[in-house]
Amino acid sequence: MEFPELKERVQELKAKKNAVILAHYYTPYETQELADYVGDSLELSRLAAKTDADTIVFCGVDFMAESAKILSPQKTVLTPDPRANCPMANMLMPKELRRYKEEHPDTIVVAYVNCSAEIKAEAYICCTSANAGKVVASLPKDKPVLFVPDRYLGTFTKKSVGREMEVWPGFCPTHQRFTLKALAEAKALHPEAEFLAHPECPEELSAAADFVGSTSAIIRRVGESDAKEFIIGTEQGVLKAIREKSPDKIVYPLLEGNVCPNMKLMTPQKVLWALEDNEYEIKVLEDTRIKAKEALDRMLAL
Ligand code: SF4
């Protein structure tokens with residue numbers, strides 16, 4: 001089926017089922033074209049909580065669709081491909097965190113939203129890359145803190161807020177591929193360009209960046225900066241939104257072809273199938289959902 005026909009069919013089914021399509025910036029461009037909203041984790045969590053739709057088709061990896069279900073249990077949340085997992089989220093198992101908590105009963109656990117519902121349920125509060133600093137700064141000063149599961153966001157936050165905390169050694173395999181060598185090569189080609197990095201990048205990349213921020217913050221920075229050219233240190237799906245919002249600016253990916261293969265599983269064809277077949281429905285155990293919601297609500301209230 002050609003894309004225009006597929007798009008029309010998706011629109012019909014969306015209207016019939018009172019469905020909304022949410023897509024992360026890292027999904028394929030045509031999937032972003034089908035979406036009602038394109039955003040980062042924080043924006044999409046807020047939208048999922050607010051929407052009046054009966055069905056949410058969530059185009060992103062599993063933990064994002066789970067967050068939508070946690071916040072909106074009465075809605076049907078569908079993922080177009082249940083194989084779309086986040087490797088970083090799988091670097092911390094609930095059993096490991098429960099053991100850590102038993103051994104460190106005073107510790108406050110901050111969970112980056114890139115983790116399973118079960119990990120969120122064990123955490124005191126969640127954060128995203130957009131609000132990690134604000135979340136950590138809001139915690140009581142006299143308590144030890146464990147930040148999970150991303151070592152790079154945790155370390156960046158620790159430095160920017162000036163707060164000592166233990167950091168779980170997880171990482172994003174896509175952002176981990178960025179190196180100082182790739183940056184030097186990109187800088188040699190575009191010496192006037194600002195370098196904008198996502199905090200999931202390795203520490204040395206964040207230290208070398210002109211600006212470090214979440215996907216949405218990077219998009220805003222391009223629009224607000226006086227610079228004309230930018231090297232973007234995050235998944236290159238975001239370039240579409242940057243180019244649409246700032247057509248007068250020139251953006252280059254730090255590493256051509258460095259994509260998140262899990263996000264790319266969200267193809268337009270699977271979005272159509274999800275609506276046609278009401279598959280694949282996201283389910284979260286109710287006691288896990290209630291505890292995970294408390295951690296997400298604490299974040300959303302800030
Ligand atoms: S870009 Fe990295 S952190 Fe984000 S979903 Fe993909 S693997 Fe996970």
Side-chain angles (χ1 to χ4, degrees), residues 26 40-42 61 63 86-93 96-97 99-101 103-104 106-116 119-120 122-184 186-187 194-218 221 231-235 238 254-255 258 260 295-296 298-299 302:
Y26 300 169
D40 66 11
S41 299
L42 179 62
V61 290
F63 70 80
C86 169
M88 181 203 286
N90 293 333
M91 290 177 190
L92 172 60
M93 294 295 109
E96 294 175 293
L97 183 54
R99 190 173 308 141
Y100 185 98
K101 283 173 63 183
E103 288 166 5
H104 305 83
D106 282 347
T107 297
I108 299 176
V109 178
V110 179
Y112 182 28
V113 286
N114 296 29
C115 64
S116 66
I119 295 293
K120 290 183 180 78
E122 294 292 335
Y124 170 72
I125 190 165
C126 290
C127 73
T128 69
S129 53
N131 63 19
K134 198 171 170 182
V135 166
V136 169
S138 76
L139 301 174
K141 303 266 179 292
D142 57 339
K143 294 266 188 188
V145 175
L146 170 68
F147 188 99
V148 299
D150 183 13
R151 69 167 76 152
Y152 296 123
L153 177 63
T155 304
F156 177 76
T157 306
K158 197 161 119 171
K159 284 188 186 152
S160 54
V161 177
R163 166 89 198 229
E164 198 38 59
M165 49 184 192
E166 193 149 351
V167 173
W168 196 263
F171 61 90
C172 163
T174 300
H175 287 83
Q176 171 96 340
R177 293 186 69 227
F178 293 129
T179 58
L180 285 177
K181 182 170 173 283
L183 179 60
K187 278 278 190 190
E194 265 192 9
F195 171 49
L196 314 184
H198 192 282
E200 284 176 18
C201 289
E203 268 172 88
E204 59 276 18
L205 272 294
S206 293
D210 297 295
F211 175 83
V212 181
S214 67
T215 319
S216 296
I218 287 175
R221 170 72 182 194
I231 297 163
I232 306 296
T234 190
E235 212 271 5
V238 74
L254 171 54
L255 193 58
N258 193 21
C260 172
L296 279 169
R298 285 191 187 102
M299 169 187 85
L302 282 179

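Residue numbers count from 1 along this sequence. Values in this document were obtained by computation on a predicted structure and should not be read as measured data.
- Between His175 and Phe178, the ring planes lie perpendicular to each other; the angle is over 60°, past the 30° to 60° tilted range.
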- prompt: Which is it for Tyr26 and Thr234 under the side chain to side chain contact (heavy atoms under 4.5 Å, CB included) test, yes or no, and what are the steps along the way?
  reply: CA-CA 9 Å; Tyr26 300 169; Thr234 190; 2.8 Å; yes
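- Although no hydrogens or angles enter the test, the distance criterion places a donor-acceptor pair under 3.5 Å between the side chain of Lys120 and the main chain of Val113.
- Across His198, Glu200, Gln176, Glu203, a single residue satisfies side chain to side chain donor-acceptor pair (under 3.5 Å) together with Tyr152, and that is Gln176.
- Residues Pro87 and Phe171 fail the side-chain proximity criterion, which asks for heavy atoms closer than 4.5 Å.
- Atom SG of residue Cys201 and atom CG of residue Leu153 lie 11.0 Å apart, to the nearest 0.5 angstrom.
- Note that CG of Asn90 and OG of Ser116 are 8.0 Å apart. Values are rounded to the nearest 0.5 Å.
- The shortest non-hydrogen separation linking Val145 to Leu139 is CG2-CD1, 3.9 Å.
- Atom-to-atom distance recorded for Leu146:CG and Thr107:OG1 is 7.0 Å, nearest 0.5 angstrom.
- Checked by atom type and distance alone, the side chain of Asn131 never pairs as donor or acceptor with a backbone atom of Lys134 at under 3.5 Å.
- Minimum heavy-atom separation, Cys115 to Phe63: O-CB, 3.1 Å.
- Formation of a donor-acceptor pair under 3.5 Å by the Asp210 side chain with backbone atoms of Phe195 is found in this model.
- Taking the side chain as every heavy atom from C-beta outward, Met165 and Val136 approach each other to under 4.5 Å.
- Across every non-hydrogen atom of Thr174 and Cys260, the tightest pair is OG1-CA, 3.5 Å.
- Separating the CZ atom in Phe211 from the OG atom in Ser206 is a distance of 11.5 Å, to the nearest 0.5 Å.
- When Val148, Val135, Thr157 are each tested for a side-chain contact (heavy atoms from CB on, under 4.5 Å) with Val110, only one passes: Val135.
- A side-chain donor-acceptor contact under 3.5 Å links Lys101 to the backbone of Glu122.
- The shortest distance between side-chain heavy atoms of Glu164 and Lys158 falls below 4.5 Å.
- Met299 and Ile125 make their closest contact through N-CG1, 3.8 Å (heavy atoms, listed as atom of the first residue, atom of the second, distance).
- A distance of 9.5 Å separates CD1 of Ile232 from CG of Leu254, quoted to the nearest 0.5 Å.
- The heavy-atom pair separating Arg177 from Asn258 by the smallest distance is NH1-OD1, 2.9 Å.
- Applying the side chain to side chain donor-acceptor pair (under 3.5 Å) rule to Tyr124 yields no partners; only residues at least two apart in sequence or on another chain are considered.
- Of the possible donor and acceptor atoms, none in the side chain of Trp168 sits under 3.5 Å from a partner among the backbone N and O of Gly154.
- With hydrogens and angles ignored, the 3.5 Å screen pairs no side-chain donor or acceptor of Glu103 with any backbone N or O of Tyr100.
- Between atom OG of residue Ser129 and atom CG of residue Asp40 there is a gap of 6.0 Å, rounded to the nearest 0.5 Å.
- Counting all heavy atoms, side chain and backbone alike, Pro199 lies closest to Asp150 at O-OD2, 4.4 Å.
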